[in-house]
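Worksheet for the structure shown next.
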Number of protein chains: 2
Amino acid sequence: MEKYIKILKSNGLKITPKRKEIINFFIEKDRYATVEEVWNNLKLKFKKIGLPTVYRNLEKFSEIGILTEIRTRDNKAYYGLCNAENPKSHHHHIICVKCHKVRCIDFCNFNEITEKIEKESGFKILNHFLQIKGICSDCLQLNEKNKSFI
Amino acid sequence: MEKYIKILKSNGLKITPKRKEIINFFIEKDRYATVEEVWNNLKLKFKKIGLPTVYRNLEKFSEIGILTEIRTRDNKAYYGLCNAENPKSHHHHIICVKCHKVRCIDFCNFNEITEKIEKESGFKILNHFLQIKGICSDCLQLNEKNKSFI
DNA sequence: ATCATTGCAAAGTTTTTGCACCTGC
DNA sequence: GCAGGTGCAAAAACTTTGCAATGAT
């Protein structure tokens, strides 16, 4: 938690109860969630909490590297805690298709084929984004029915 | 073109003038486009053409492997011709950030790190999605200002 | 005290749905 | 002829914006 507070401060953002609760939500859930899910959680803890507040904060958190944002086929934004050592360093994510839990994958072998792709396609590569889906160990054990959201 | 007609037929879809024009549009443009862009093009060729028709067809084409669908930060769906040898085979895409041209990358070295990721994360990997962005040879030569849409 | 943050209401955008009519096969 | 395709209107779903009030530092 302190880690994220520091990031907020170092980016000139104020520490508000709602912001702390949003971060808390992601720390506890430890998975990707929709804006609405975050809002529903906040409504349990605060009498007054507007949906725009949630949108605005999730977007900001995403900008400063606390959260990662993913758009999916169902036209919703999903956010998840960026649990890499250095949030802004190069890494990818694996998402559980059952519980939406997300883990950062801190290594990547894309560079090995960069040159080959550039040669074959004629493109100058700027960046890449890899999204891995799977089932986490918790859900593998539960052996429940597979519901794919992401 | 015949290639795509075949795919339509083999999936039990009828060949209509609008569908042919949609495919034609993507063959000529050779890049990702928004639903609205496709619609604007169709409006030039048909007196009556509804936006829902475009949505419905792009979605279907995506299901049968003619088009690839990408969701971006601007909350729009982008579609592009799936120009891999076998549209449904495993491959990835590189997208030009300037002109949105898209090329299929027919090789992938992800499998090499599958086991490592599974061991470290505890996840059972189901699939992965890689999106590469770059500048195509045409745009590199033009040396225009870099506008990033995707 | 100051400026970021928030709540509320409203609007904006993209996408989907229902249904009657049309059309390819 | 019949199932699938289309147009239109409407609604749904998600997200953003403006502004006044509130709150963190």
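Computed from heavy atoms alone, side chains included, the values below leave out hydrogens, waters and symmetry copies. What you see is a predicted model, and the numbers here were worked out from it, not measured in a lab. In what follows, every chain begins at residue 1, and chains take the letters A, B, ... in the order their sequences are listed.
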Rounded to whole Å, please give me the gap between [atom1] in [X] and [atom2] in [N].
X       : N      : atom1 : atom2 : answer
A:Glu69 : D:dC14 : CD    : P     : 15 Å
A:Asn11 : C:dT5  : CG    : P     : 11 Å
A:Phe46 : D:dG23 : CZ    : C1'   : 13 Å
A:Leu51 : C:dG7  : CG    : C1'   : 11 Å
B:Lys76 : C:dG12 : NZ    : C1'   : 12 Å
B:Glu21 : D:dT6  : CD    : C1'   : 16 Å
B:Tyr55 : C:dT15 : OH    : P     : 3 Å
A:Lys43 : C:dT6  : NZ    : C1'   : 16 Å

Following the transitive rule for hydrophobic clusters with a side-chain heavy-atom cut-off under 4.5 Å over Ile, Leu, Val, Met, Phe, Trp and Tyr, establish whether A:Ile95 and A:Ile105 coincide in one cluster. no
Do A:Phe26 and A:Leu44 land in one hydrophobic cluster if side-chain heavy atoms of ILVMFWY residues count as linked below 4.5 Å? no
Out of [options], which nucleotide sits closest to the side chain of [X]?
X       : options              : answer
A:Ile49 : C:dG7, C:dT5, D:dG7  : C:dG7
A:Arg71 : D:dT15, D:dG7, C:dT6 : D:dT15
A:Arg19 : C:dT6, C:dT14, D:dT6 : C:dT6
B:Pro52 : C:dG7, D:dA9, D:dT6  : D:dA9
A:Ala77 : D:dT6, C:dT6, D:dT15 : D:dT15

Could you point out which residue of B:Arg31, B:Lys43, B:Lys76 forms a salt bridge (Lys or Arg N to Asp or Glu O under 4.0 Å) with B:Glu37? B:Arg31
Answer yes or no: are there more than 12 heavy-atom neighbours, outside B:Lys3 itself, under 6.0 Å from its atom NZ? yes
Go through the N and O atoms of the side chain of A:Arg56 and the base of C:dG7, and report whether any donor-acceptor pair is under 3.5 Å. yes
Would you mind classifying the nucleic acid contact of B:Lys60 as base, sugar-phosphate or nothing, using non-hydrogen atoms under 4.0 angstrom? sugar-phosphate
Can you tabulate the close N/O pairs, meaning under 3.5 Å, that link protein atoms to atoms of nucleotides 23-25 of chain C?
| unit_1 | atom_1 | unit_2 | atom_2 | d |
| --- | --- | --- | --- | --- |
| C:dG24 | O3' | B:Ile15 | O | 3.3 |
| C:dG24 | N2 | B:Lys14 | NZ | 3.2 |
| C:dC25 | OP1 | B:Ile15 | N | 3.1 |

Knowing that exactly one of B:His93, B:His92, B:His91 qualifies, which makes a side chain to side chain donor-acceptor pair (under 3.5 Å) with B:Thr68? B:His93
Determine, stepwise, if the pair B:Ile132 / A:Phe123 fulfils side-chain contact (heavy atoms from CB on, under 4.5 Å). CA-CA 10 Å; B:Ile132 313 161; A:Phe123 278 59; over 6 Å; no
Is there a donor-acceptor pair under 3.5 Å between the side chain of B:Trp39 and the backbone N or O of B:Thr53? no
